[in-house]
There are 2 protein chains.
Amino acid sequence: MGISEPFDAAIEALIRRLSLRDHLPEDERNALRSAAVRSRNFAAGDDLVVQNSKPSVSMLIASGMVARYNIIDDGARQITAFHILGDFVDLHGFLLSRLDHSISALTEVTVVEFPHEALEHITEQYPHLTRMLWLSTLLDAAIHRQWLVAIGRTSAMSRLAHLFCEQFVRAGLVGLATQDSFPFPITQAQLADALGISPVHVNRTLQELRARAVLEWHGGIVSILDWPGVQSIGKFDEAFLDIEHRRR
Amino acid sequence: MGISEPFDAAIEALIRRLSLRDHLPEDERNALRSAAVRSRNFAAGDDLVVQNSKPSVSMLIASGMVARYNIIDDGARQITAFHILGDFVDLHGFLLSRLDHSISALTEVTVVEFPHEALEHITEQYPHLTRMLWLSTLLDAAIHRQWLVAIGRTSAMSRLAHLFCEQFVRAGLVGLATQDSFPFPITQAQLADALGISPVHVNRTLQELRARAVLEWHGGIVSILDWPGVQSIGKFDEAFLDIEHRRR
DNA sequence: TAGTCCCACTAACCTAGGTAATAGCGCCCC
DNA sequence: GGGGCGCTATTACCTAGGTTAGTGGGACTA
(Lines give C-alpha, C1' and ligand atoms only; values in the text may rest on other atoms or scores of the structure.)
Protein backbone atom coordinates (compact mmCIF):
# COMPACT_ATOMS: atom_id res chain seq x y z
CA MET A 1 0.00 0.00 0.00
CA GLY A 2 2.13 2.90 1.19
CA ILE A 3 1.59 5.78 -1.18
CA SER A 4 -1.66 4.46 -2.62
CA GLU A 5 -3.50 4.29 0.70
CA PRO A 6 -4.64 7.91 1.10
CA PHE A 7 -5.62 7.99 -2.57
CA ASP A 8 -7.85 4.99 -2.12
CA ALA A 9 -9.41 6.18 1.12
CA ALA A 10 -10.20 9.65 -0.17
CA ILE A 11 -11.34 8.79 -3.67
CA GLU A 12 -13.45 5.86 -2.58
CA ALA A 13 -15.12 8.08 0.04
CA LEU A 14 -15.84 10.69 -2.63
CA ILE A 15 -17.26 8.00 -4.92
CA ARG A 16 -19.37 6.70 -2.07
CA ARG A 17 -20.72 10.15 -1.31
CA LEU A 18 -21.54 10.88 -4.96
CA SER A 19 -23.00 7.41 -5.52
CA LEU A 20 -25.64 8.14 -2.92
CA ARG A 21 -27.03 10.72 -5.34
CA ASP A 22 -26.60 8.88 -8.64
CA HIS A 23 -24.88 5.86 -10.11
CA LEU A 24 -21.25 6.49 -11.08
CA PRO A 25 -20.19 4.21 -13.94
CA GLU A 26 -16.79 2.58 -13.82
CA ASP A 27 -15.22 4.83 -16.46
CA GLU A 28 -16.11 7.90 -14.41
CA ARG A 29 -14.69 6.33 -11.27
CA ASN A 30 -11.48 5.65 -13.13
CA ALA A 31 -11.41 9.18 -14.48
CA LEU A 32 -11.51 10.42 -10.90
CA ARG A 33 -8.86 7.99 -9.79
CA SER A 34 -6.50 9.00 -12.54
CA ALA A 35 -7.04 12.73 -12.01
CA ALA A 36 -5.45 12.63 -8.55
CA VAL A 37 -1.72 13.16 -8.58
CA ARG A 38 -0.33 13.03 -5.08
CA SER A 39 -1.14 13.29 -1.41
CA ARG A 40 0.04 15.88 1.07
CA ASN A 41 0.08 16.10 4.84
CA PHE A 42 -0.55 19.06 7.08
CA ALA A 43 -0.16 19.50 10.82
CA ALA A 44 -3.00 20.81 12.94
CA GLY A 45 -3.09 24.58 12.62
CA ASP A 46 -1.47 24.73 9.18
CA ASP A 47 -3.18 26.64 6.42
CA LEU A 48 -3.85 24.48 3.36
CA VAL A 49 -4.70 27.56 1.32
CA VAL A 50 -4.61 31.23 2.18
CA GLN A 51 -7.08 33.88 1.15
CA ASN A 52 -6.45 35.58 -2.22
CA SER A 53 -4.09 32.87 -3.41
CA LYS A 54 -4.64 31.30 -6.83
CA PRO A 55 -4.31 27.57 -6.28
CA SER A 56 -3.72 25.35 -9.31
CA VAL A 57 -4.91 22.18 -7.61
CA SER A 58 -8.03 21.24 -5.67
CA MET A 59 -7.81 19.10 -2.54
CA LEU A 60 -9.85 16.11 -1.52
CA ILE A 61 -9.65 15.15 2.15
CA ALA A 62 -8.29 11.72 2.97
CA SER A 63 -8.18 12.10 6.74
CA GLY A 64 -8.59 14.74 9.41
CA MET A 65 -10.78 17.80 9.49
CA VAL A 66 -10.42 21.26 7.97
CA ALA A 67 -12.26 24.58 8.20
CA ARG A 68 -12.81 27.30 5.63
CA TYR A 69 -12.76 30.69 7.28
CA ASN A 70 -12.53 34.44 6.83
CA ILE A 71 -10.75 36.86 9.11
CA ILE A 72 -12.26 40.28 9.62
CA ASP A 73 -9.94 43.22 10.05
CA ASP A 74 -10.74 43.50 13.77
CA GLY A 75 -9.38 39.98 14.22
CA ALA A 76 -12.71 38.17 14.47
CA ARG A 77 -12.94 34.94 12.56
CA GLN A 78 -15.92 33.29 10.91
CA ILE A 79 -15.73 29.66 9.87
CA THR A 80 -18.00 29.05 6.89
CA ALA A 81 -17.58 25.29 6.47
CA PHE A 82 -16.14 22.16 8.01
CA HIS A 83 -14.85 19.35 5.81
CA ILE A 84 -14.02 15.72 6.42
CA LEU A 85 -13.06 12.54 4.54
CA GLY A 86 -14.36 12.52 0.97
CA ASP A 87 -15.04 16.26 0.83
CA PHE A 88 -13.55 18.24 -2.02
CA VAL A 89 -12.52 21.27 0.03
CA ASP A 90 -11.72 23.77 -2.66
CA LEU A 91 -13.23 22.31 -5.78
CA HIS A 92 -14.67 25.79 -6.40
CA GLY A 93 -11.08 27.07 -6.68
CA PHE A 94 -11.01 25.29 -10.05
CA LEU A 95 -13.29 27.93 -11.58
CA LEU A 96 -12.93 30.88 -9.21
CA SER A 97 -9.80 32.93 -9.87
CA ARG A 98 -8.72 33.56 -6.35
CA LEU A 99 -10.01 32.05 -3.18
CA ASP A 100 -12.11 34.42 -1.08
CA HIS A 101 -11.21 32.61 2.14
CA SER A 102 -8.49 30.59 3.83
CA ILE A 103 -8.59 26.90 4.68
CA SER A 104 -6.88 25.52 7.72
CA ALA A 105 -6.27 22.12 9.25
CA LEU A 106 -8.10 21.58 12.54
CA THR A 107 -6.33 18.26 13.08
CA GLU A 108 -3.51 16.49 11.34
CA VAL A 109 -4.76 16.23 7.76
CA THR A 110 -4.00 14.27 4.62
CA VAL A 111 -5.32 15.48 1.29
CA VAL A 112 -5.17 14.22 -2.27
CA GLU A 113 -4.48 16.83 -4.93
CA PHE A 114 -6.30 17.19 -8.25
CA PRO A 115 -4.58 19.53 -10.72
CA HIS A 116 -7.00 21.93 -12.34
CA GLU A 117 -5.96 20.70 -15.81
CA ALA A 118 -7.12 17.23 -14.81
CA LEU A 119 -10.45 18.63 -13.65
CA GLU A 120 -10.78 20.55 -16.87
CA HIS A 121 -10.10 17.35 -18.77
CA ILE A 122 -12.95 15.70 -16.84
CA THR A 123 -15.32 18.51 -17.81
CA GLU A 124 -14.33 18.04 -21.47
CA GLN A 125 -14.72 14.27 -21.52
CA TYR A 126 -17.25 13.26 -18.87
CA PRO A 127 -20.42 15.39 -18.83
CA HIS A 128 -22.19 13.25 -16.27
CA LEU A 129 -19.24 13.17 -13.89
CA THR A 130 -18.99 16.94 -14.36
CA ARG A 131 -22.60 17.30 -13.27
CA MET A 132 -21.85 15.19 -10.21
CA LEU A 133 -18.89 17.36 -9.24
CA TRP A 134 -20.99 20.43 -9.85
CA LEU A 135 -23.64 18.87 -7.60
CA SER A 136 -21.03 18.43 -4.92
CA THR A 137 -20.41 22.20 -4.87
CA LEU A 138 -24.17 22.83 -4.88
CA LEU A 139 -24.45 20.73 -1.74
CA ASP A 140 -21.80 22.92 -0.12
CA ALA A 141 -23.91 25.95 -1.05
CA ALA A 142 -27.03 24.31 0.40
CA ILE A 143 -25.13 23.82 3.66
CA HIS A 144 -24.10 27.49 3.57
CA ARG A 145 -27.78 28.42 3.30
CA GLN A 146 -28.68 26.28 6.29
CA TRP A 147 -25.94 27.96 8.30
CA LEU A 148 -27.30 31.34 7.24
CA VAL A 149 -30.76 30.41 8.46
CA ALA A 150 -29.36 29.05 11.72
CA ILE A 151 -27.07 32.00 12.42
CA GLY A 152 -29.49 34.64 11.21
CA ARG A 153 -32.66 33.45 12.85
CA THR A 154 -32.15 30.88 15.60
CA SER A 155 -30.79 30.81 19.15
CA ALA A 156 -27.33 29.63 20.08
CA MET A 157 -28.86 26.35 21.33
CA SER A 158 -30.51 25.64 18.01
CA ARG A 159 -27.43 26.49 16.00
CA LEU A 160 -25.28 24.23 18.08
CA ALA A 161 -27.73 21.36 17.83
CA HIS A 162 -28.17 21.92 14.10
CA LEU A 163 -24.46 21.78 13.50
CA PHE A 164 -24.11 18.56 15.49
CA CYS A 165 -26.93 17.04 13.44
CA GLU A 166 -25.36 18.07 10.16
CA GLN A 167 -21.95 16.73 11.12
CA PHE A 168 -23.41 13.48 12.38
CA VAL A 169 -25.25 12.81 9.13
CA ARG A 170 -22.32 13.84 6.96
CA ALA A 171 -19.88 11.69 8.94
CA GLY A 172 -22.30 8.79 8.53
CA LEU A 173 -22.36 9.19 4.75
CA VAL A 174 -18.66 8.42 4.49
CA GLY A 175 -18.63 5.72 7.15
CA LEU A 176 -17.07 7.74 9.94
CA ALA A 177 -19.99 7.61 12.36
CA THR A 178 -21.27 4.80 14.52
CA GLN A 179 -24.97 4.44 15.15
CA ASP A 180 -24.91 7.16 17.78
CA SER A 181 -21.54 8.91 17.68
CA PHE A 182 -19.06 10.63 15.41
CA PRO A 183 -15.62 12.22 15.68
CA PHE A 184 -15.61 15.97 16.24
CA PRO A 185 -12.03 16.81 17.12
CA ILE A 186 -12.19 20.59 17.49
CA THR A 187 -12.08 23.10 20.32
CA GLN A 188 -14.94 25.10 21.77
CA ALA A 189 -13.31 28.28 20.43
CA GLN A 190 -13.33 26.90 16.89
CA LEU A 191 -16.94 25.88 17.29
CA ALA A 192 -17.72 29.41 18.45
CA ASP A 193 -16.15 30.79 15.27
CA ALA A 194 -18.42 28.58 13.20
CA LEU A 195 -21.60 29.45 15.06
CA GLY A 196 -21.00 33.18 15.30
CA ILE A 197 -21.10 33.20 19.09
CA SER A 198 -18.48 33.60 21.83
CA PRO A 199 -16.50 30.70 23.27
CA VAL A 200 -17.98 31.41 26.69
CA HIS A 201 -21.47 31.05 25.33
CA VAL A 202 -20.57 27.82 23.51
CA ASN A 203 -19.56 26.44 26.88
CA ARG A 204 -22.77 27.59 28.57
CA THR A 205 -24.88 26.15 25.77
CA LEU A 206 -23.07 22.81 25.76
CA GLN A 207 -23.82 22.47 29.44
CA GLU A 208 -27.46 23.07 28.75
CA LEU A 209 -27.45 20.34 26.07
CA ARG A 210 -25.69 18.03 28.52
CA ALA A 211 -28.24 18.89 31.21
CA ARG A 212 -31.05 18.04 28.84
CA ALA A 213 -29.30 14.72 28.22
CA VAL A 214 -29.53 14.93 24.44
CA LEU A 215 -25.84 14.60 23.71
CA GLU A 216 -22.32 14.46 25.10
CA TRP A 217 -18.97 15.57 23.72
CA HIS A 218 -15.79 14.22 25.26
CA GLY A 219 -12.36 13.49 23.90
CA GLY A 220 -13.24 14.64 20.41
CA ILE A 221 -16.25 12.31 20.09
CA VAL A 222 -19.86 13.46 20.08
CA SER A 223 -22.34 10.89 21.40
CA ILE A 224 -25.96 11.37 20.50
CA LEU A 225 -28.14 10.30 23.43
CA ASP A 226 -31.48 11.44 22.04
CA TRP A 227 -31.50 11.85 18.27
CA PRO A 228 -35.08 13.11 17.93
CA GLY A 229 -34.32 15.52 20.76
CA VAL A 230 -31.24 17.00 19.09
CA GLN A 231 -33.02 17.26 15.77
CA SER A 232 -35.91 19.06 17.34
CA ILE A 233 -33.72 21.53 19.25
CA GLY A 234 -31.76 22.18 16.07
CA LYS A 235 -34.88 22.30 13.85
CA PHE A 236 -32.92 19.90 11.67
CA ASP A 237 -34.34 18.39 8.51
CA GLU A 238 -31.79 16.51 6.46
CA ALA A 239 -33.65 17.22 3.20
CA PHE A 240 -31.11 19.91 2.27
CA LEU A 241 -28.38 17.26 2.05
CA ASP A 242 -30.34 15.84 -0.90
CA ILE A 243 -29.63 12.19 -0.26
CA GLU A 244 -31.71 10.78 -3.05
CA HIS A 245 -30.57 8.37 -5.69
CA ARG A 246 -31.73 9.50 -9.12
CA ARG A 247 -30.50 10.30 -12.59
CA ARG A 248 -28.71 13.68 -12.60
CA MET B 1 -40.43 42.85 -30.10
CA GLY B 2 -43.42 41.58 -28.09
CA ILE B 3 -42.71 38.10 -26.84
CA SER B 4 -39.00 38.23 -27.64
CA GLU B 5 -38.26 41.24 -25.47
CA PRO B 6 -37.88 39.61 -22.03
CA PHE B 7 -35.85 36.81 -23.61
CA ASP B 8 -33.43 39.29 -25.05
CA ALA B 9 -33.14 41.39 -21.91
CA ALA B 10 -32.56 38.44 -19.61
CA ILE B 11 -30.27 36.36 -21.79
CA GLU B 12 -28.16 39.30 -22.88
CA ALA B 13 -27.76 40.33 -19.23
CA LEU B 14 -26.67 36.79 -18.34
CA ILE B 15 -24.21 36.78 -21.24
CA ARG B 16 -22.91 40.15 -20.13
CA ARG B 17 -22.43 38.92 -16.57
CA LEU B 18 -20.64 35.73 -17.67
CA SER B 19 -18.55 37.57 -20.26
CA LEU B 20 -16.99 39.62 -17.51
CA ARG B 21 -15.34 36.41 -16.31
CA ASP B 22 -14.44 34.79 -19.63
CA HIS B 23 -15.11 35.13 -23.33
CA LEU B 24 -18.32 33.41 -24.46
CA PRO B 25 -18.07 32.33 -28.10
CA GLU B 26 -21.03 32.85 -30.38
CA ASP B 27 -22.06 29.18 -30.47
CA GLU B 28 -22.34 29.14 -26.69
CA ARG B 29 -24.38 32.32 -26.70
CA ASN B 30 -26.71 30.74 -29.21
CA ALA B 31 -26.93 27.58 -27.16
CA LEU B 32 -28.14 29.69 -24.26
CA ARG B 33 -30.57 31.59 -26.43
CA SER B 34 -32.11 28.43 -27.79
CA ALA B 35 -32.36 26.74 -24.38
CA ALA B 36 -34.92 29.29 -23.13
CA VAL B 37 -38.48 28.37 -23.88
CA ARG B 38 -40.84 31.01 -22.57
CA SER B 39 -41.24 33.87 -20.18
CA ARG B 40 -43.53 34.13 -17.18
CA ASN B 41 -44.78 36.98 -15.03
CA PHE B 42 -45.33 37.11 -11.31
CA ALA B 43 -46.92 39.74 -9.12
CA ALA B 44 -45.10 41.12 -6.07
CA GLY B 45 -45.53 38.66 -3.23
CA ASP B 46 -46.04 35.58 -5.42
CA ASP B 47 -43.89 32.52 -4.84
CA LEU B 48 -41.97 31.46 -7.95
CA VAL B 49 -41.02 28.19 -6.34
CA VAL B 50 -41.97 26.70 -2.99
CA GLN B 51 -39.74 24.71 -0.67
CA ASN B 52 -39.58 20.94 -1.31
CA SER B 53 -40.99 21.21 -4.79
CA LYS B 54 -39.18 19.51 -7.67
CA PRO B 55 -39.06 22.09 -10.44
CA SER B 56 -38.32 20.91 -13.97
CA VAL B 57 -37.23 24.32 -15.22
CA SER B 58 -34.75 26.92 -14.00
CA MET B 59 -35.58 30.61 -14.10
CA LEU B 60 -33.50 33.52 -15.31
CA ILE B 61 -34.65 36.97 -14.20
CA ALA B 62 -35.65 39.41 -16.92
CA SER B 63 -36.98 42.14 -14.65
CA GLY B 64 -37.82 42.78 -11.02
CA MET B 65 -36.27 41.38 -7.88
CA VAL B 66 -36.71 38.08 -6.06
CA ALA B 67 -35.58 36.60 -2.73
CA ARG B 68 -34.71 33.05 -1.76
CA TYR B 69 -35.81 32.36 1.79
CA ASN B 70 -36.48 29.77 4.44
CA ILE B 71 -39.24 29.86 7.00
CA ILE B 72 -38.52 28.48 10.47
CA ASP B 73 -41.31 26.73 12.31
CA ASP B 74 -41.74 29.65 14.73
CA GLY B 75 -42.61 31.87 11.75
CA ALA B 76 -39.27 33.66 11.49
CA ARG B 77 -37.94 34.06 7.99
CA GLN B 78 -34.38 34.21 6.70
CA ILE B 79 -33.67 35.50 3.24
CA THR B 80 -30.51 33.85 1.89
CA ALA B 81 -30.18 35.67 -1.44
CA PHE B 82 -31.51 38.50 -3.56
CA HIS B 83 -31.58 38.21 -7.34
CA ILE B 84 -31.97 40.71 -10.16
CA LEU B 85 -31.78 40.92 -13.96
CA GLY B 86 -29.46 38.31 -15.46
CA ASP B 87 -29.37 36.11 -12.35
CA PHE B 88 -30.21 32.45 -12.75
CA VAL B 89 -32.29 32.13 -9.57
CA ASP B 90 -32.63 28.39 -9.26
CA LEU B 91 -30.02 27.02 -11.59
CA HIS B 92 -29.03 24.71 -8.73
CA GLY B 93 -32.51 23.15 -8.97
CA PHE B 94 -31.27 21.52 -12.17
CA LEU B 95 -29.08 19.11 -10.18
CA LEU B 96 -30.60 19.20 -6.70
CA SER B 97 -33.66 16.98 -6.40
CA ARG B 98 -35.85 19.23 -4.38
CA LEU B 99 -35.38 22.83 -3.52
CA ASP B 100 -34.43 23.42 0.12
CA HIS B 101 -35.98 26.90 0.11
CA SER B 102 -38.73 29.00 -1.45
CA ILE B 103 -38.31 31.86 -3.88
CA SER B 104 -40.63 34.80 -3.89
CA ALA B 105 -41.13 37.93 -5.98
CA LEU B 106 -40.35 41.14 -4.10
CA THR B 107 -41.64 43.24 -6.99
CA GLU B 108 -43.46 42.46 -10.19
CA VAL B 109 -41.15 39.98 -11.90
CA THR B 110 -40.59 38.53 -15.34
CA VAL B 111 -38.50 35.38 -15.73
CA VAL B 112 -37.35 33.28 -18.65
CA GLU B 113 -37.59 29.53 -18.19
CA PHE B 114 -34.93 26.98 -19.10
CA PRO B 115 -36.16 23.37 -19.07
CA HIS B 116 -33.78 21.06 -17.28
CA GLU B 117 -33.48 18.87 -20.40
CA ALA B 118 -32.16 21.89 -22.27
CA LEU B 119 -29.61 22.51 -19.52
CA GLU B 120 -28.62 18.86 -19.60
CA HIS B 121 -28.16 19.15 -23.33
CA ILE B 122 -25.81 22.10 -22.76
CA THR B 123 -23.75 20.06 -20.30
CA GLU B 124 -23.47 17.27 -22.90
CA GLN B 125 -22.48 19.52 -25.79
CA TYR B 126 -20.77 22.61 -24.42
CA PRO B 127 -18.15 21.90 -21.76
CA HIS B 128 -16.93 25.47 -21.55
CA LEU B 129 -20.42 26.92 -21.26
CA THR B 130 -21.11 24.29 -18.61
CA ARG B 131 -18.12 25.51 -16.63
CA MET B 132 -19.42 29.06 -16.93
CA LEU B 133 -22.85 28.09 -15.62
CA TRP B 134 -21.17 26.13 -12.84
CA LEU B 135 -19.14 29.25 -12.09
CA SER B 136 -22.35 31.22 -11.82
CA THR B 137 -23.55 28.94 -9.00
CA LEU B 138 -20.11 29.18 -7.36
CA LEU B 139 -20.48 32.94 -7.27
CA ASP B 140 -23.81 32.50 -5.50
CA ALA B 141 -22.03 30.33 -2.95
CA ALA B 142 -19.30 32.95 -2.52
CA ILE B 143 -21.99 35.51 -1.76
CA HIS B 144 -23.52 33.11 0.78
CA ARG B 145 -20.13 32.93 2.49
CA GLN B 146 -19.87 36.71 2.66
CA TRP B 147 -23.32 36.89 4.20
CA LEU B 148 -22.25 34.26 6.74
CA VAL B 149 -19.25 36.33 7.71
CA ALA B 150 -21.34 39.49 7.91
CA ILE B 151 -24.17 37.94 9.91
CA GLY B 152 -21.94 35.82 12.11
CA ARG B 153 -19.29 38.33 13.02
CA THR B 154 -20.21 41.92 12.26
CA SER B 155 -22.56 44.55 13.67
CA ALA B 156 -25.91 45.46 12.17
CA MET B 157 -24.34 48.61 10.72
CA SER B 158 -21.66 46.67 8.88
CA ARG B 159 -24.07 44.07 7.56
CA LEU B 160 -26.37 46.71 6.21
CA ALA B 161 -23.54 48.61 4.55
CA HIS B 162 -22.07 45.39 3.18
CA LEU B 163 -25.35 44.40 1.60
CA PHE B 164 -25.77 47.81 0.00
CA CYS B 165 -22.25 47.56 -1.43
CA GLU B 166 -22.87 44.09 -2.81
CA GLN B 167 -26.16 45.09 -4.42
CA PHE B 168 -24.65 48.25 -5.89
CA VAL B 169 -21.82 46.35 -7.55
CA ARG B 170 -24.06 43.56 -8.79
CA ALA B 171 -26.61 46.00 -10.21
CA GLY B 172 -23.75 47.77 -11.98
CA LEU B 173 -22.60 44.55 -13.62
CA VAL B 174 -25.87 44.22 -15.52
CA GLY B 175 -26.27 47.91 -16.27
CA LEU B 176 -28.91 48.67 -13.66
CA ALA B 177 -26.91 51.14 -11.59
CA THR B 178 -25.94 54.71 -12.28
CA GLN B 179 -22.59 56.02 -11.11
CA ASP B 180 -23.89 56.48 -7.58
CA SER B 181 -27.30 54.85 -7.27
CA PHE B 182 -29.20 51.63 -7.88
CA PRO B 183 -32.76 50.35 -7.55
CA PHE B 184 -33.53 48.58 -4.28
CA PRO B 185 -37.30 48.22 -4.26
CA ILE B 186 -37.88 46.31 -1.02
CA THR B 187 -39.24 47.05 2.44
CA GLN B 188 -37.33 47.47 5.68
CA ALA B 189 -38.96 44.28 6.98
CA GLN B 190 -37.64 42.28 4.03
CA LEU B 191 -34.21 43.78 4.54
CA ALA B 192 -34.40 42.76 8.20
CA ASP B 193 -35.10 39.17 7.12
CA ALA B 194 -31.99 39.19 4.96
CA LEU B 195 -29.71 40.67 7.62
CA GLY B 196 -30.95 38.55 10.51
CA ILE B 197 -32.02 41.56 12.56
CA SER B 198 -35.39 43.07 13.52
CA PRO B 199 -37.23 45.63 11.39
CA VAL B 200 -36.98 48.15 14.22
CA HIS B 201 -33.24 47.83 14.26
CA VAL B 202 -33.03 48.16 10.47
CA ASN B 203 -34.79 51.46 10.86
CA ARG B 204 -32.47 52.65 13.65
CA THR B 205 -29.41 51.61 11.67
CA LEU B 206 -30.58 53.28 8.46
CA GLN B 207 -30.98 56.51 10.36
CA GLU B 208 -27.45 56.23 11.60
CA LEU B 209 -26.20 55.71 8.02
CA ARG B 210 -28.23 58.70 6.96
CA ALA B 211 -26.82 60.75 9.81
CA ARG B 212 -23.30 59.83 8.76
CA ALA B 213 -24.22 61.01 5.26
CA VAL B 214 -22.86 57.93 3.52
CA LEU B 215 -26.06 56.94 1.73
CA GLU B 216 -29.76 57.56 1.26
CA TRP B 217 -32.63 55.27 0.38
CA HIS B 218 -35.88 56.78 -0.86
CA GLY B 219 -38.55 55.59 -3.22
CA GLY B 220 -36.82 52.27 -3.85
CA ILE B 221 -33.55 53.90 -4.94
CA VAL B 222 -30.34 53.79 -2.93
CA SER B 223 -28.02 56.75 -3.50
CA ILE B 224 -24.44 56.33 -2.47
CA LEU B 225 -23.12 59.61 -1.11
CA ASP B 226 -19.75 58.40 0.09
CA TRP B 227 -18.63 55.16 -1.56
CA PRO B 228 -15.36 54.73 0.34
CA GLY B 229 -17.33 55.44 3.51
CA VAL B 230 -19.95 52.74 2.85
CA GLN B 231 -17.28 50.24 1.86
CA SER B 232 -15.33 50.89 5.00
CA ILE B 233 -18.37 50.58 7.28
CA GLY B 234 -19.34 47.36 5.50
CA LYS B 235 -15.76 46.04 5.39
CA PHE B 236 -16.53 45.42 1.75
CA ASP B 237 -13.99 44.04 -0.67
CA GLU B 238 -15.45 43.09 -4.02
CA ALA B 239 -12.83 40.40 -4.63
CA PHE B 240 -15.33 37.67 -3.76
CA LEU B 241 -17.39 38.61 -6.82
CA ASP B 242 -14.44 37.42 -8.89
CA ILE B 243 -14.72 39.96 -11.67
CA GLU B 244 -11.67 38.93 -13.62
CA HIS B 245 -11.55 38.05 -17.27
CA ARG B 246 -9.59 34.86 -17.82
CA ARG B 247 -9.79 31.45 -19.40
CA ARG B 248 -12.02 29.18 -17.25
C1' DT C 1 8.65 17.04 39.54
C1' DA C 2 8.27 21.57 38.39
C1' DG C 3 7.09 24.57 34.52
C1' DT C 4 4.34 25.83 30.74
C1' DC C 5 0.73 25.59 27.50
C1' DC C 6 -3.76 24.90 26.05
C1' DC C 7 -8.24 24.13 26.92
C1' DA C 8 -12.62 23.61 29.58
C1' DC C 9 -15.03 25.96 32.72
C1' DT C 10 -16.83 29.91 35.92
C1' DA C 11 -18.61 34.36 37.61
C1' DA C 12 -19.90 39.35 37.40
C1' DC C 13 -21.08 42.64 34.76
C1' DC C 14 -22.46 44.92 30.31
C1' DT C 15 -24.57 46.07 25.67
C1' DA C 16 -26.37 45.36 20.99
C1' DG C 17 -30.24 44.45 19.46
C1' DG C 18 -35.08 42.43 20.35
C1' DT C 19 -40.07 43.27 21.58
C1' DA C 20 -44.41 45.51 21.92
C1' DA C 21 -47.13 49.01 21.19
C1' DT C 22 -48.36 53.03 18.92
C1' DA C 23 -48.32 57.19 15.83
C1' DG C 24 -48.10 59.29 11.34
C1' DC C 25 -48.22 59.26 6.41
C1' DG C 26 -48.79 58.38 1.64
C1' DC C 27 -51.60 55.74 -1.63
C1' DC C 28 -55.10 53.46 -3.56
C1' DC C 29 -59.83 52.50 -4.12
C1' DC C 30 -64.40 53.07 -3.99
C1' DG D 1 -62.90 62.80 -0.06
C1' DG D 2 -62.74 59.45 3.41
C1' DG D 3 -61.44 54.92 5.07
C1' DG D 4 -58.33 51.22 4.99
C1' DC D 5 -53.78 49.52 4.53
C1' DG D 6 -49.01 48.94 4.21
C1' DC D 7 -44.90 51.07 5.39
C1' DT D 8 -41.73 54.06 8.15
C1' DA D 9 -40.76 55.92 12.37
C1' DT D 10 -40.47 56.23 17.53
C1' DT D 11 -40.43 55.15 22.44
C1' DA D 12 -39.68 52.36 26.64
C1' DC D 13 -38.32 48.46 28.29
C1' DC D 14 -36.04 43.80 28.19
C1' DT D 15 -32.82 39.77 27.34
C1' DA D 16 -29.57 36.76 24.82
C1' DG D 17 -25.34 36.66 24.47
C1' DG D 18 -20.75 39.35 24.83
C1' DT D 19 -16.69 40.70 27.63
C1' DT D 20 -13.23 40.40 30.96
C1' DA D 21 -10.87 38.19 34.07
C1' DG D 22 -10.14 34.71 36.11
C1' DT D 23 -9.48 29.06 38.11
C1' DG D 24 -8.21 24.31 37.48
C1' DG D 25 -6.66 20.32 35.15
C1' DG D 26 -4.30 17.42 31.76
C1' DA D 27 -0.40 16.72 28.72
C1' DC D 28 3.89 17.53 27.06
C1' DT D 29 8.72 19.18 28.23
C1' DA D 30 13.13 19.86 30.75
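Proteins get letters first, then strands, A, B, ... in listed order; numbering begins at 1 in each.
Taking the ring centroids of A/Phe114 and A/Phe88, they lie under the 6.0 Å cut-off. A distance of 6.0 Å or more separates the ring centres of A/Phe168 and A/Phe184.
In this structure, the side-chain hydrogen bond (donor to acceptor under 3.5 Å, both in side chains) partners of B/Thr178, at least two apart in sequence or on a different chain, are B/Asp180, B/Ser181. By the side chain to side chain contact (heavy atoms under 4.5 Å, CB included) test, B/Ser56 is found to be paired with no residue, residues two or more places apart in sequence or in another chain being considered. Partners of B/Arg16 according to the side-chain hydrogen bond (donor to acceptor under 3.5 Å, both in side chains) rule, which considers only residues two or more places apart in sequence or in another chain, do not exist here. Annotation: side-chain hydrogen bond (donor to acceptor under 3.5 Å, both in side chains) contacts of B/Asn41 (sequence neighbours excluded): B/Thr110.
No side-chain heavy atom of B/Ile103 sits under 4.5 Å from any side-chain heavy atom of B/His83. You'll find the side chain of A/Leu160 stays beyond 4.5 Å of the side chain of A/Ile197, heavy atoms only. Considering only heavy atoms from C-beta on, B/Ile143 comes within 4.5 Å of B/Glu166 through its side chain.
Spacing between atom CG of B/Asn203 and atom P of C/dA20 amounts to 18 Å, rounded to whole angstrom units. Distance NE2 (A/His201) to P (C/dA11): 16 Å, rounded to an integer number of Å.
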Protein-proximity profile, nucleotides 23-30 of chain C, B/S/- by nucleotide at the 4.0 Å heavy-atom cutoff, equals --------

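To the nearest 0.5 Å, the span separating CG on A/Asp100 from OG1 on A/Thr80 amounts to 8.0 Å. Rounded to the nearest 0.5 angstrom, B/Phe42 CZ and B/Leu48 CG are separated by 4.5 Å.
Rounded to 10°, the helix from C/dT1-D/dA30 to C/dC30-D/dG1 has 40° between the axis fitted to its first five pairs and the one fitted to its last five.
Taking every nucleotide of DNA chain D with any atom under 4.0 Å from a non-hydrogen atom of chain B, the first and last of them, 5' to 3', are D/dC7 to D/dA12.
Residues in residues 212-225 of chain B take part in these salt bridge (charged side-chain N to carboxylate O under 4.0 Å, His left out) pairs, two or more places apart or across chains: B/Glu208-B/Arg212. Sorted by first and then second residue, the salt bridge (charged side-chain N to carboxylate O under 4.0 Å, His left out) pairs involving residues 146-165 of chain B (not counting sequence neighbours) are A/Asp193-B/Arg153. Listed by first and then second residue, the salt bridge (charged side-chain N to carboxylate O under 4.0 Å, His left out) pairs involving residues 218-237 of chain A are A/Lys235-B/Asp73 (not counting sequence neighbours).
Taking a 4.0 Å limit (strictly below) on heavy-atom distances, residues 182-194 of chain B does not reach DNA chain C anywhere. Residues of residues 204-223 of chain B having a heavy atom closer than 4.0 Å to DNA chain C, listed by number: B/Arg204.
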Would you please test B/Gln78 and B/Asn70 for side-chain hydrogen bond (donor to acceptor under 3.5 Å, both in side chains) and show each step?
CA-CA 5 Å; B/Gln78 176 68 41; B/Asn70 286 64; over 6 Å; no

